[in-house]
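Chain A is the first sequence line, chain B the second, and so forth, proteins listed ahead of strands; every chain is numbered from 1.
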Amino acid sequence: MVGIRTRDLRKVYTSPPPLAAGVGGFTFFRAPSKSKQPKPEIVALDGISLEIPPGEIFGLLGPNGAGKSTTVGILTTRVRPASGQAWIGEHDVWKEQTTVKRLIGVVAQRPNLDFSLTAREILVFHGAYFGLSSVERTKRAYALLDRFKLLDRADQLVRGFSGGMMQRLSIARAMMHDPRVLFLDEPSAGLDPQTRLLLWEIIREYNHSGKTILLTTHNMEEADALCQRLAIIDHGRVIALGTPRELKASVPGGYLLRLRFGQHSPELLERLRALGGVREVHATDANGADLYADRGGSLVPEIASLALAGRVDLYDVHLSEPSLENLFLHHTGRSLRE
Amino acid sequence: MNRKAFLAMLGRDAHVARRNFVPILLQTFLQPLMFVFIFGRVMVGSGYMPPAYKSLLLPGIMAISMVGTGIWAVAMPLIAEFQWTREIEDRLLAPMDISWVAVEKVVAGTLQALAAGLMVIPAAWLLLRPGVELSLHAPLVFAGVAALVALFSAAGGLALGCSVDQTHVGLMFTLVVAPMIFFGCTYYPWSALENFPFLQKAVLLNPLVYASEGLRGTLVPQFPHLSLLAVWAGLVLFNALLLSVGLRQFHKKAVS
Ligand SMILES: Nc1ncnc2c1ncn2[C@@H]1O[C@H](COP(=O)(O)OP(=O)(O)O)[C@@H](O)[C@H]1O
Ligand SMILES: [Mg+2]
């Protein structure tokens, strides 16, 4: 069994992401810019240290642009870190790329299937790259196509596949050489609920056979349901780390009430803080406030009467139970969904 | 290097080439053969060109088909695989150094270019006959030159394919490939540029010149051509240059 470790990973991109408008052309003929203008720098990772024991399902949870894919990229030899180190088992990812590549299977965030091949051929050729014998390749391809419910389309070119089918095939391909560590970058994005459940089942099953799994998601339910431990990342840093239960328990009080007033005042916020069970109150803007408390519904009438007494209109109360979403909000003041 | 993975990738490319056999065939032969027909048959037949032009033209056409095929076979898939289908990612994750993924593309392109070059000879001969005077006086030298030409075209495909953005493919052909062909001594021998001394020196920077002159020197030595020593030196030099530029660009694309 093989674990994953990173130490203080940093990554700075000096060009905009590929496929952004206005880039490209003949990079190889482009004269180096004479002006000494510093290039625009995007700090994608700002010191990520993780320790994932063998056999764990570990999740990276964070909003778009948090640095999840970059972390996966560094761990899978596809991105060169600016500084810091990453290991798969004892092997330094950057220095021992070939050894590392034998140990890992990767499902990238964006589909990258071979459009000139059929589903079965994709699996079989992938197996051949990893040196599987022809009998073994055929056998495994069949088993995976069956497991991922793709047998009826096995001999069609993947060009015409739906997004969900491509995603299933990508995961099957990553499992084809039976890697010890499986990376899944947003595996369930765009899947219908039924396929998502099939995927969760397959991930758990693969984990039970002793494999380490790192998956990224910006879906809290998925992180909660699937991962044994999680790192919540934002702006390239780990802002919280632990089991889903620990993380949820770390939100002060656990319950979150998002309030909207006509206009609130410092006195009102002070009174809210004094209510029984309230742990923290933060103003989000001139009209809104987030209130963390260890009880939920029973606070609502008390808040309403405080507002009434202070002659402030109360427009909206949004109540949520302890959740990873609340945790993210508590750390960043932003919603994960935004 | 991992022999199994490397061969499996070649196998994949061969499989896809077999599947697309007819379009590849058309793309390789249609244009050169039309050219051969018009210039070698129509123009010569109607007396606008001397009959000897047939023999002079053939090595040039062979160089064009090889270089066109090699560049196309390597550059186009690379551009699409890096930017559109991203399918190269699966090969970059195979257990071997990623440079070998690029080398595999070059090997596959070289083989295709060789096949194209060798098939143009009989096809053109059938179209032009009679009156084509090919003499294979030094078969080994010819084989060596042909191999270097094929390699140069595939290496050029690697360098271009890893340097050009998907949206600029058309520009690549108008700005790089077309001038290379017209100023590549393909339709005329290098010595024909004697009256344009500046141009005659400038075209020496065009690798295709060494390809056409080399094939001319080994297939139709009765015509004036660059010395074989210059041809070897030029081809080896450009091969080394394009391969190293290509590999560097490939690494830049493959690892962010
Ligand atoms: N290849 C790239 N070139 C330049 N910038 C990039 C590249 N990939 C990602 N970025 C930038 O790095 C940051 C982190 O991106 P990413 O790791 O993809 O985040 P996530 O997967 O969490 O959405 C973003 O600001 C993104 O725009
Ligand atoms: Mg991502």
Check your understanding: chain A: which of T85(B), V16(B), D90(B) shares the most heavy-atom pairs with it under 4.5 Å?
Key -> D90(B)
Check your understanding: Side chain, backbone, both or neither: which part of V255(B) has an atom under 4.5 Å from a heavy atom of chain A?
Key -> both
Practice item. Can you tell which part of L132(A) gets under 4.5 Å to a heavy atom of chain B, answering side chain, backbone, both or neither? Key: neither
Exercise for review: Using a cut-off of 6.0 Å, state whether more than 12 heavy atoms not belonging to W100(B) lie near its atom CH2.
Suggested key: no
Check your understanding: Taking R12(B) for the side chain and F125(A) for the main chain, is one N or O donor matched with an acceptor at less than 3.5 Å?
Key -> no
Review point. Does CZ in F35(B) sit with more than 12 non-hydrogen atoms of other residues, nucleotides or ligands closer than 6.0 Å?
Key: yes
Check your understanding: Quick one: OH on Y129(A) to CZ on R91(B), what's the gap to the nearest 0.5 Å?
Key -> 5.0 Å
Point to revise | Interchain contact, M9(B) with chain A, by part (heavy-atom threshold 4.5 Å) | key: both
Check your understanding: Looking only at atom types and distance, does a side-chain atom of K101(A) sit under 3.5 Å from a main-chain N or O of A94(B), one as donor and one as acceptor?
Key -> yes
Review point. Going from CZ on R86(B) to CG on N112(A), what distance comes out if it is rounded to the nearest 0.5 angstrom?
Key: 7.5 Å
**Study point:** Partner chain A: residue of E81(B), K4(B), K252(B) with the largest heavy-atom pair count (under 4.5 Å)
**Key:** K4(B)
Check your understanding: chain A heavy atoms under 4.5 Å from N2(B): which part of the residue, side chain, backbone, both or neither?
Key -> side chain
Study note, to complete from the structure: Output for pair (E89(B) CD, L113(A) CG), nearest 0.5 Å, gives 10.5 Å
Practice item. Could you tell me which of A5(B), P95(B), A254(B) has the largest number of non-hydrogen atom pairs under 4.5 Å with chain A? Key: P95(B)
Practice item. Kindly check if the number of other-residue, nucleotide or ligand heavy atoms within 6.0 Å of CG (L26(B)) is above 12? Key: yes
Practice item. Could you check which of E121(A), R80(A), H177(A), Q97(A) has the highest count of heavy-atom pairs closer than 4.5 Å to chain B? Key: E121(A)
Practice item. Check whether any side-chain heavy atom of R19(B) sits under 4.5 Å from a side-chain heavy atom of L117(A), and report yes or no. Key: yes
Revision key, fill the gap. Looking only at heavy atoms, the pair that brings L93(B) and T76(A) closest together is CD2-O, 3.4 Å
